Each structure stands twice: as C-alpha cells, then as structure tokens.
Amino acid sequence: MLPPHHFPPLLLSSLLLLSVPALLLLFPEFIPQSLPLKNSRQHGVNDLNLLRRAVLSPPSTSSFRQPRQPKIAFLFLTNTDLYFTPLWERFFQNNTNLFSIYIHLDPSAQLEKPLTGLFANRFVPAKPTQRASPSLIAATKRLLAAALIDDAANEYFALVSQSCIPIHSFEFVYRSVVSDQRKRSFIEILTGEPQLWDRYIARGEDVMLPEVSFEQFRIGSQFFVLSRRHAHLVIRERRLWRKFRKPCLPTMLDCCYPEEHYFPTLLSMKDPEGCSGYTLTRVNWTDTSDGHPHLYMPPEITPQLIQELRQTNDSSYSYLFARKFSRECLEPLMAIADDVIFHDQ
Ligand SMILES: *[C@@H]1O[C@H](CO)[C@@H](O)[C@H](O)[C@H]1NC(C)=O
Ligand SMILES: *[C@@H]1O[C@H](CO)[C@@H](O)[C@H](O)[C@H]1NC(C)=O
Ligand SMILES: *[C@@H]1O[C@H](CO)[C@@H](O)[C@H](O)[C@H]1NC(C)=O
C-alpha cells in the first residue's frame, strides 16, 4: 500500500520551520489572505503549500489588538454524502459568527445533491481516504490547516464525521468548549489498552523507535476538539508524522488505525496538561465488529437514548456529540431535535 502523498525531505522542512519565526518577527502583521476553500470539489492538493500557509497563520486569537469572539471550526471528515446536514443546520441556526464549517470529502464520494446553505462552498482540497492507512491523519491535517488559514477567529477545531450528530444545543456546546479556563484540547488519551502492543508494532517491531517508545505510545478516539495552539502544533509537527505515515505490514492491517494513535501520542508527549484526556464524542463499542462501533438505526432513536448518550462517568462534563448513526436516522432525529436534542436541561 502506498502512503497517500509525500511530504518533502527533512532539510527543506527544517529550513521552512526556521524561516517562519524570522518572517513573523519581520512582518508581525503578516496574515495569509487567500482562502484554500473552493466552491467545487478539488483534488490533487499540494499538501506542503497548505501546511506552509497554515504555519504562518496567527497562533492564537489573543494576539490581535482587537479581541475577536472565538469561533469553533467544525471539520467534517467524510467518504460519503453528508446526510445529517439538516440537523446540523438546525444546530447552527442563530449562531452566526460563532462557528465555521469545513468539509474534506473523499474524491470517490457521490453527493446525492449539491450541498447548500451553511454547507455550500465549504470544501477543502481533498485526497482519497481509506481505513488501515495514514490517509485519515493526512485528511485531518488538511482540514486543520485550511481552517487555521481561513479564519483567525477559529479558536477550537471539532472533528466530526458524516455519522456524528450533536446531542446538545449549540449554546451548550459553545459554552462547554470555549469557557474552559485552561483552554484545553478535548482529546482522549489512553494507555494500557489490551491491543496496544499490536497497534504499536503494526509497522514493524522497531519502526517507531527512537521517536516513540512503547511507553509513550497512546490510543484515543479519532474524534476530538483541539485548541488553536494544538492545531498549530499538529500542523508544524513532522518528526512523529514521518513514523506514523509509514504503511502497516500487510499481516498487521487489522491492527492498523494510525489516526487513533498519532494525535493522542503527539499531544501526550508535547502537552499532556493542555489536554482533557477524554473525548466529547460518545460512541457505543458494545458488540463491536470489524473495528466498527454500534450503528444506531431508526427504531433506537428515542428521547431516552439522547439522555443516555449525554451521560459520562464524570459529573464535570457531558458528551456533546455522538456516533454512529445510519443515514435513515435523519427523520426520527429531526422529529426530536427541538424538544430533546437541542433542549439542554
Ligand atoms: C432562531 O431565532 C428565531 C427568531 O428569534 C426563532 O424563531 C427560532 O426558534 C430560533 N431557532 C433556534 C434553533 O433557536
Ligand atoms: C449499545 O449498543 C448495544 C447493541 O450493540 C445496545 O444493546 C445498547 O442499548 C447500546 N447502548 C446505548 C447506550 O445506546
Ligand atoms: C462508565 O463506567 C462503566 C464501568 O466502568 C462502563 O461500563 C461504562 O461504559 C462507562 N460509561 C461511559 C459513558 O463511559
């Protein structure tokens, strides 16, 4: 299996990184202006160009003379149609200027009809994604880069998929994330999970050394909310990415989920205090098959389910999103949207 794309050699990247602080010193007000967003789907993106421009974007909204109202950027990572857009539109309603939307759509995906409303013209340049490959990490990096460049007010970056839904109102989600005193990222970081060793050696026994020892290797949900500071860190990072983007051994493909390891491992090595350690996205792993969690079907959609999905084992927070829901769930979800899903008690 081929890695989805190739970033340039170390020397070039070091030069690039060295030149960035110098540039910022010389031109503090320099902010890249042109947007990577396209009104149509675009393929064959130059990843280096995108990352380079993202590195130049402001690292924090607090660096502005006039403080701006922070936004949450919602990053939709999908390889199918986005079928819950009516529910998300309802979620976003009346909250203009507090959110942004970005979509990484696999080039092979078929859209039943063009995306409209808030979802129109929000595509970032995309490349193919597939399981058991680093392509989902690369796609996430593209989304983060595009969102960093596009709007300096994007302060948090919430990764979601086509089968994710919100389970609280926008106001509740916004307050929970943006008012966090420590400005943490909400990302799950676990160790000691049963399959961890097999996951670690999926590319070969010593391949991750010396950058990542087994003791440093972590696992966590692919779905997270990153702070702008951490989004920047991910975009600049190349050392671990060089390892995590190596293909897994053909015999290890059932242990190959690099997107569940790269982000938790990187952030636990660089800034564990800046991370919640838990995810805000509920998933049901009961009766899992072939690495897929439970897929909710229409008869399961009830007010009680939404209440149950919100509950965590920690009274200090509530789940804000949930997955995975089949596309047929749209209708029953819309039916309880206002009274249940967007009604926080
Ligand atoms: C948005 O605002 C309008 C007008 O105030 C109101 O009728 C509507 O219910 C609001 N929608 C949501 C989802 O809060
Ligand atoms: C999780 O999925 C199982 C079936 O796989 C189901 O029986 C159970 O009710 C689900 N739990 C929740 C909280 O939805
Ligand atoms: C809460 O903890 C119990 C026992 O450890 C576990 O079975 C359950 O899945 C946990 N629930 C959530 C929402 O994490």
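Remember, it's 1-based here, ligands and their atoms both numbered in the order they're listed. What you see is a predicted model; the values in this text were computed from it and never measured. Numbers here simply count residues along the sequence, with the first being 1.
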For residues 325-333, dump all side-chain donor-acceptor pairs below 3.5 Å to protein atoms at least two apart in sequence or in another chain.
| from | atom 1 | to | atom 2 | distance (Å) |
| --- | --- | --- | --- | --- |
| Ser326 | OG | Tyr296 | O | 3.2 |
| Ser326 | OG | Glu328 | OE1 | 3.2 |
| Arg327 | NH1 | Glu112 | OE2 | 3.4 |

What does the contact table look like for ligand 2 (nitrogen or oxygen on each side, cut-off under 3.5 Å)?
| from | atom 1 | to | atom 2 | distance (Å) |
| --- | --- | --- | --- | --- |
| ligand 2 | 2 (O) | Asn284 | OD1 | 3.4 |
| ligand 2 | 2 (O) | Asn284 | ND2 | 2.4 |
| ligand 2 | 5 (O) | Thr286 | O | 3.3 |
| ligand 2 | 5 (O) | Asp287 | OD2 | 3.2 |
| ligand 2 | 5 (O) | His294 | ND1 | 3.2 |
| ligand 2 | 11 (N) | Asn284 | ND2 | 2.9 |
| ligand 2 | 14 (O) | Tyr296 | OH | 2.6 |

For Asn97, the side chain to side chain contact (heavy atoms under 4.5 Å, CB included) test, sequence neighbours excluded, returns none
Report yes or no: is the cationic atom of Arg310 (NZ for Lys, CZ for Arg) closer than 6.0 Å to the six-membered ring centre of Tyr319, at no more than 45° off its axis?
no
Among Phe119, Phe99, Tyr83, Phe76, which residue satisfies the ring-ring contact (aromatic ring centres under 6.0 Å, His included) criterion with Trp88?
Phe76
Residue pairs passing the side-chain hydrogen bond (donor to acceptor under 3.5 Å, both in side chains) test with at least one member in residues 201-212, sequence neighbours excluded, are Glu211-Lys243
Kindly determine whether Cys248 and Cys255 satisfy disulfide (SG to SG under 2.5 Å), including the steps that lead there.
CA-CA 8 Å; Cys248 294; Cys255 306; over 6 Å; no
